[in-house]
Amino acid sequence: MLKIGIISLSVREGRNAVAVSKWVLEQSKKRKDAEFELVDLYDYKLPLLGLTPTAQEGKTIKAWQDKMASFDAYIFVTPEYNHSYPGAFKNASDYLKPELQNKVVGYVGYGGLGGIRAIEAHRLVAAEQGLASVQRTVNFMLMSDFVDFAEFKPAAYHEPIAQEMFDQVILWGNALKTVR
């Protein structure tokens, strides 16, 4: 059975990522064809890539790499900040390459335009890392899926879209498992 990481990718204070990621986890519980685990990037205090890490930071980097390597596939939950994905996510993904190769990712985005630009921007990085991305995305709009841009209240029509994304991630995750 595939092990899929739901990776919450915002580390900002007051972030919506926690509520959105928990919604994704709840949707995943309808599945019996994969195991899902929620991982919060906030829990990994990664130094900026290129700086010499302290001993503790070295352990944190290794823990992040090991956690990401433990999954067969991913769901990245990303906000859109300034027409792209969060800088902390870019920094964290730069610590990964062999951990992601020949695996698949689905995206859940949120923001003014549903996180579309963040997802599209990350797909370029994902391709360079050997990470395939599925077509279906789940996109939450700040104007319609949040009350006062803060309280997450998603419309029900997102639920079948999430299941379609899971279908694609599981299909491709199983296919790519044969080449790893």
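Heads up: numbering here begins at 1 and tracks the sequence.
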I want to check something: taking the side chain as every heavy atom from C-beta on, are Pro47 and Ile61 in contact at a cut-off of under 4.5 Å?
yes
Lys177, NZ: over 12 other non-hydrogen atoms inside 6.0 angstrom: yes
Tightest non-hydrogen contact, residues Ala92 and Trp64, listed as O-NE1, 3.0 Å
With a 4.5 Å cut-off on side-chain heavy atoms, are Ser28 and Trp23 touching? no
One should read off an interatomic distance between Asp148 CG and Lys153 NZ, to the nearest 0.5 angstrom, of 11.5 Å
*Under a 4.5 Å cut-off applied to non-hydrogen side-chain atoms, are Val20 and Phe152 in contact?*
yes
Practice item. Return yes if some donor-acceptor pair links the side-chain N/O of Tyr74 with the main-chain N/O of Met68 below 3.5 Å, else return no. Key: yes
message = For Lys97, is there any backbone N or O sitting under 3.5 Å from a side-chain donor or acceptor partner on Glu99?
response = yes
Between Gly112 and Leu142 the two heavy atoms that sit nearest each other are N-CD1, 3.8 Å
Exercise for the section: Decide yes or no on salt bridge (Lys or Arg N to Asp or Glu O under 4.0 Å) for Arg180 and Asp72, but give the supporting numbers first. Expected result: CA-CA 10 Å; Arg180 286 198 304 277; Asp72 298 303; 3.0 Å; yes
Answer yes or no: is there a donor N or O on one side and an acceptor on the other, between the side chain of Asn174 and the main chain of Ile170, under 3.5 Å?
yes
Rounded to the nearest 0.5 Å, the CD atom of Glu80 sits from the CZ atom of Arg117 at a distance of 4.0 Å
inquiry  = Is it the case that over 12 heavy atoms from other parts of the model lie below 6.0 angstrom from the CD atom of Gln101?
reply    = yes
Open item on the list: Before you tell me yes or no, could you show the steps for Glu57 and Lys59 under salt bridge (Lys or Arg N to Asp or Glu O under 4.0 Å), namely the whole-Å CA-CA distance, both residues' side-chain angles and the distance that decides it to 0.1 Å?
Closed with: CA-CA 5 Å; Glu57 288 171 336; Lys59 290 177 185 176; over 6 Å; no
**Q.** Pair Arg123 + Glu120, salt bridge at N-O below 4.0 Å
**A.** yes
All heavy atoms of Ile6 vs all of Ser21, minimum pair found to be CG2-O, 4.2 Å
Side chain to side chain, Met165 and Val134, heavy atoms closer than 4.5 Å:
yes
Are Tyr85 and Phe76, when compared by the centres of their aromatic rings, separated by less than 6.0 Å?
no
With a 6.0 Å cut-off (strictly less than), is the heavy-atom count around NZ of Lys30, excluding the residue itself, greater than 12? yes
query: Just checking, any donor-acceptor pair under 3.5 angstrom between side chains of Thr137 and Asn139?
result: yes
*Can Tyr81 and Ser10 be counted as having a side-chain donor-acceptor contact under 3.5 angstrom?*
yes
Smallest heavy-atom separation, Leu46 atom then Leu41 atom, equals CD1-CD1, 4.2 Å
Determine whether more than 12 heavy atoms belonging to other residues, nucleotides or ligands lie under 6.0 Å from atom CG of Asp66.
yes
dist Lys22:NZ -> Leu38:CG (nearest 0.5 Å) comes out at 8.0 Å
Query raised in the report: Below 4.5 Å, heavy atoms only, C-beta onward: do Val39 and Phe71 meet side chain to side chain?
Result: yes
Can you check whether Gln129 reaches Ser93 side chain to side chain, under 4.5 Å on heavy atoms? yes
I want to check something: taking the side chain as every heavy atom from C-beta on, are Ile7 and Ile75 in contact at a cut-off of under 4.5 Å? no
* Asked: Heavy-atom count around Trp172 CH2 within 6.0 Å, excluding the residue itself: above 12?
  -> no
Closest heavy-atom pair, Ser8 versus Val18, reported as atoms and distance to 0.1 Å, is OG-N, 4.3 Å
Scanning both residues in full, the closest heavy-atom pair of Val169 with Val105 reads CG2-C, 4.2 Å
Would you find a donor on one side and an acceptor on the other, under 3.5 Å apart, between the side chain of Asn91 and the backbone of Leu49?
yes
Begin from the C-alpha positions of Lys29 and Glu26 and carry the test salt bridge (Lys or Arg N to Asp or Glu O under 4.0 Å) through to its verdict. CA-CA 5 Å; Lys29 291 178 180 177; Glu26 283 304 308; 3.0 Å; yes
So CE of Met141 and CZ of Phe149: to nearest 0.5 Å the spacing works out to 10.5 Å
dist Ser133:OG -> His122:NE2 (nearest 0.5 Å) comes out at 9.5 Å
_Beyond-backbone contact of Gln27 with Val138, side-chain heavy atoms, under 4.5 angstrom_ = no
**Request:** Could you tell me whether the side chain of Asn102 and the main chain of Leu176 form a donor-acceptor pair under 3.5 Å?
**Result:** no
Distance col, row Ile161:CD1 vs Arg136:CZ, nearest 0.5 angstrom, shows 6.0 Å
Residue pairs meeting side-chain hydrogen bond (donor to acceptor under 3.5 Å, both in side chains), one or both in residues 40-52, sequence neighbours left out, come to Arg15-Asp40
Would you say that more than 12 heavy atoms from the other residues, nucleotides or ligands in this model lie under 6.0 Å from the NZ of Lys3, or not?
yes
Next on the checklist: Looking at Gln56, is its backbone amide N or carbonyl O close enough to the side chain of Thr60 to form a donor-acceptor pair, meaning the two atoms are under 3.5 Å apart?
Outcome noted: yes
*asked:* Test your reading of the model: is there a side-chain donor-acceptor pair from Tyr110 to the backbone of Ala17, 3.5 Å cut-off?
replied: yes
Worksheet item: Are His158 and Asp145 linked by a side-chain donor-acceptor pair shorter than 3.5 Å?
Response: yes
Trace of the side chain to side chain donor-acceptor pair (under 3.5 Å) decision for Arg31 with Gln163 | CA-CA 9 Å; Arg31 308 297 300 217; Gln163 295 306 318; 3.1 Å; yes
